[in-house]
Amino acid sequence: MAAKSEQLQIGSRSFLLPLAVDPAENFVCLFTQNQVVEILAPRFVQPIPGSPRHLKGVVLYRDGLLPVIDLDELCNRHRPVRIKHYRQLAVIRTGAVDPKTGVPLKAVVAARERMQLARISGKEFAETFKQRDVPPGLSESGLVRGCFRREEDSVALLDLGPVVRGEYGPA
């Protein structure tokens, strides 16, 4: 379970990205307002030959290149996701830093559906969301920091640091 102090850092504004983890469940990945830098309109993603399925390529962002990550591919590593069109691209602060330069690392998360904005206070998150078992697809990814449930909704907190540092490989 995520530490209580980590839970309380969840801001009043959160961004929820639907995940295709289990068709019978409403499952979302939660990003805090501090993690989301910008929501981009769809744009050209330059593919990288030989890259893992979850790494869709790179996009030009403010004079630099950022990796584009498809969370559904990342979380469902043994089930191919064939949709190629994205409605949004979200620039995310990953919390990781470049080990050589100390520069904070960002990534772009590809979204097939629009991210939803929700107001969830730290208190509400701590009181109404209960820890739950991590579904198999997410568990196999090894990137889950926490998995919680409130009524019919399930929320995953992911650590994308290993992906952007190049330390994450296919199973």
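Computed from a predicted structure; not experimentally measured.
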Compare every heavy atom of Arg93 with every heavy atom of Val36, then report the nearest pair and how far apart it is.
-> O-NH1, 4.3 Å

Between Phe148 and Leu157, which heavy-atom pair has the shortest distance, and what is it?
-> CE1-CD1, 3.8 Å

Hey, could you give me the CD1/CG distance between Ile69 and Leu55, rounded to the nearest 0.5 Å?
-> 7.0 Å

Can you measure from CG (Leu19) to CG (Leu158) and round to the nearest 0.5 angstrom?
-> 6.5 Å

Pairwise distance CG(Leu30) to CZ(Arg145) - rounded to 0.5 angstrom = 9.5 Å

CA sep, side-chain torsions, deciding dist, call: Val59, Phe44, side-chain contact (heavy atoms from CB on, under 4.5 Å) = CA-CA 7 Å; Val59 295; Phe44 178 71; over 6 Å; no

Is the shortest distance from a Lys or Arg side-chain nitrogen in Arg150 or Glu124 to a carboxylate oxygen in the other one below 4.0 Å?
-> yes

Would you sort out whether Leu74 and Leu143 count as a side-chain contact (heavy atoms from CB on, under 4.5 Å), showing the intermediate values?
-> CA-CA 9 Å; Leu74 187 66; Leu143 299 172; 3.4 Å; yes

Nearest atoms (heavy-atom pairs only) where Leu17 meets Glu113 = CD1-O, 4.0 Å

Can you find a heavy atom in the side chain of Tyr168 that is under 4.5 Å from one in the side chain of Asp159?
-> no

Nearest 0.5 Å please: distance from the CZ atom of Arg114 over to the CG atom of Leu16.
-> 15.5 Å

Val109 side chain near Leu89 side chain, heavy-atom distance below 4.5 Å = no

Going through the distances and angles, do Glu38 and Arg62 end up as a salt bridge (charged side-chain N to carboxylate O under 4.0 Å, His left out)?
-> CA-CA 12 Å; Glu38 186 174 355; Arg62 297 187 183 173; 3.3 Å; yes

State, yes or no, whether a side-chain contact exists between Lys56 and Glu73 at a heavy-atom distance under 4.5 Å.
-> yes

Check: Leu71 and Leu160 side chains under 4.5 Å, non-hydrogen atoms = yes

Compare every heavy atom of Ala90 with every heavy atom of Ile39, then report the nearest pair and how far apart it is.
-> CD1-CB, 3.8 Å

Taking every heavy atom of Asp72 against every heavy atom of Pro18, the minimum-distance pair comes out as OD1-O, 4.4 Å

Distance col, row Thr94:OG1 vs Gln35:CD, nearest 0.5 angstrom, shows 9.0 Å

Atom CD1 in Ile92, atom CG in Asn34: separation rounded to 0.5 Å?
-> 11.5 Å

Side-chain touch Val164/Pro67, heavy atoms, less than 4.5 angstrom | yes

Provide the closest heavy-atom pair for Gln33 versus Phe15 in the form atom of the first, atom of the second, distance.
-> CA-CE1, 3.9 Å

Run the numbers on Leu65 and Leu60 for side-chain contact (heavy atoms from CB on, under 4.5 Å), then give the verdict.
-> CA-CA 5 Å; Leu65 295 176; Leu60 182 62; 4.3 Å; yes

Take Val58 and Val68 through the test side-chain contact (heavy atoms from CB on, under 4.5 Å) and record every step on the way to the result.
-> CA-CA 5 Å; Val58 293; Val68 177; 5.6 Å; no

Are Gln88 and Pro42 side-chain neighbours, meaning at least one heavy-atom pair lies under 4.5 Å?
-> no

Show me the donor-acceptor pairs within less than 3.5 Å that the side chains of residues 96-107 make with the rest of the protein, sequence neighbours left out.
from: Asp98; atom 1: OD1; to: Lys100; atom 2: N; distance (Å): 2.7
from: Asp98; atom 1: OD1; to: Thr101; atom 2: N; distance (Å): 3.2
from: Thr101; atom 1: OG1; to: Val103; atom 2: N; distance (Å): 3.2

Taking C-beta and beyond as the side chain, do Phe27 and Cys147 meet within less than 4.5 Å on heavy atoms?
-> yes

